[in-house]
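Beneath this line is the structure, given in structure tokens, with notes to follow.
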Amino acid sequence: MSQNIATIRVTRYRPEKDLKPYFQEYKVPYRQDMVVLDALNYIKAEIDGSLTYRWSCRMGVCGSCGANIDGEPKLTCASFLHDFKGRTITVEPMTNFPVIKDLVVDMEDFMEKLVKIKPWIIREKETPPEQGEYKQSAQELERYSQFSSCINCMLCYAACPIYGLNEKFLGPAATALAYRYIEDSRDQGKDVRFPIVHEMEGVWECTLVGECSVVCPKGVDPMLAIQKTKILGATNALKSLLMPRGGR
Amino acid sequence: MEDNKRYPELRKQLSPGWWTANRHYAMYMVREWTSLFVALYSLIFIYGLSLWAMGSRADFLNFLKNPAVVGFSLIALVFTMYHAATWFYLLGAISPVKIGRSRTKPWQALVLNLILLVIVSYLAIWLLVLR
């Protein structure tokens, strides 16, 4: 079988040496089943060992290998080289994040936001394990299940211009996860999470660009979660205004 | 913890032309900018009403009949319709209605809301003008 050659332009940035990032071009022979991540691995193994990028599972589960491919935030493990046939493929670090080296970005901000929304089931009073699990029906599961598919790849943050303008914005993935717990019938932490998602830089910062939901590799719809959270917050505020004592 | 930020990190600022990067961003910008025409039309209409309040109904109608105002109103109508349609569509995307086992699609909300808009507009015209 004859081998095709892909031309890949990768952002290089070594803070100890370079003042500015620049592009470096590599030629990579490829087969039909190779993805951009395979090409990066080939470069690192065969051409230039100094190229730095994150990756782990190479099958769209771990969420580590996100990058901007031809300007669009994508998982490098899910982008086939043959889809770019004949064109130079540009691979850049994800937008809106500080770059540490080459394609590696600083995830600190997102990690903080993730913890902030308390992504675990909160109970007013924990029951001992002997009493059995907290039961849930299939319908109750369906209310939040898509939002639990998030792999924290941060592509939605790279796609969000609001986050690009204001890094304090809670952002798509963190809100989707907050909503996932708010909608979970086993969870009782609404009063804890509501103030977090409804603060100034919470959901109300979102102006519905919608690109977060377009780029999500797991079919999560963060835009929907953010708007649903807005609706919940607004109805909650109205209820407590009309029925100050029993309004929830 | 060790200080792992020995070198300054590189942070790219969003350029003013960020929305030209892809079609979705551009469409978002078109949606937002068309609202400007809604606002401008409102201002013009309020000015017209003030003519009526301070002068007469004829002043108001003459102002509305001015070719420039008519021209702008037509342009504003097109942009307002587009702006409304985008939000009707989003309404369907955000609040799908569950019917049996399936959920309604955004375009169905768009069509339904446009029909409702036509009915409400006709009722308003009928009440205020035709009756």
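Just so it is clear: chains get the letters A, B, ... in the order the sequence lines come, proteins before strands, and each one is counted from 1. Just so you know, these numbers use all the heavy atoms, side chains as well, and skip hydrogens, waters and symmetry mates.
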Exercise for review: Select one option (side chain, backbone, both, neither) describing which atoms of A/S213 are under 4.5 Å from chain B's heavy atoms.
Suggested key: neither
Exercise for review: Measure distances from A/L165 to the heavy atoms of chain B and classify the residue's part below 4.5 Å as side chain, backbone, both or neither.
Suggested key: both
Revision key, fill the gap. Under 4.5 Å to a heavy atom of chain B? For A/A225 that would be neither
Review point. So do A/T95 and B/L14 actually touch side chain to side chain, heavy atoms under 4.5 Å?
Key: no
**Study point:** With sequence neighbours excluded, residues passing side-chain hydrogen bond (donor to acceptor under 3.5 Å, both in side chains) with A/R54
**Key:** none
Study note, to complete from the structure: B/S95 and A/I231 have their tightest heavy-atom pair at OG-CD1, 4.0 Å
Practice item. Look at atom OH of B/Y82 and say whether more than 12 heavy atoms of other residues, nucleotides or ligands are closer to it than 6.0 Å. Key: yes
Exercise for review: Inspect the surroundings of CZ in A/R143 and state if more than 12 heavy atoms from other residues, nucleotides or ligands are less than 6.0 Å away.
Suggested key: no
Revision key, fill the gap. In terms of heavy-atom pairs under 4.5 Å with chain A, the winner among B/E32, B/M27, B/R31 is B/R31
**Study point:** Segment of A/D221 engaging chain B (4.5 angstrom heavy-atom cut-off)
**Key:** neither
Check your understanding: With a cut-off of 6.0 Å (strictly less than), are more than 12 heavy atoms of other residues, nucleotides or ligands near CE of A/M111?
Key -> yes
Point to revise | Interatomic distance, B/N22 atom CG to A/E211 atom CD [nearest 0.5 angstrom] | key: 4.5 Å
**Study point:** Contact leader toward chain A among B/Y28, B/W18, B/W19, where contacts are heavy-atom pairs under 4.5 Å
**Key:** B/Y28
Review point. For A/L19, does the CG atom sit with more than 12 other heavy atoms under 6.0 Å from it, leaving out its own atoms?
Key: no
Practice item. Against chain B, label A/E142 side chain, backbone, both or neither, depending on which of its atoms sit under 4.5 Å from a heavy atom there. Key: side chain
Check your understanding: A/L224, A/V209, A/V214: which one forms the most heavy-atom pairs within less than 4.5 Å of chain B?
Key -> A/V209
Practice item. Could you tell me whether the side chain of B/Y25 and the main chain of A/A159 form a donor-acceptor pair under 3.5 Å? Key: yes
Point to revise | Neighbour count above 12 (heavy atom, 6.0 Å) for B/Y122 OH | key: no
Practice item. With a 4.5 angstrom heavy-atom cut-off, could you sort out which part of A/V105 is near chain B: side chain, backbone, both or neither? Key: neither
Exercise for review: Would you indicate whether A/K44, at its atom NZ, is surrounded by more than 12 heavy atoms from other residues, nucleotides or ligands within a distance under 6.0 Å?
Suggested key: yes
Practice item. Supply the atom-to-atom distance A/L208 CG to B/I94 CD1, rounded to the nearest 0.5 angstrom. Key: 4.5 Å
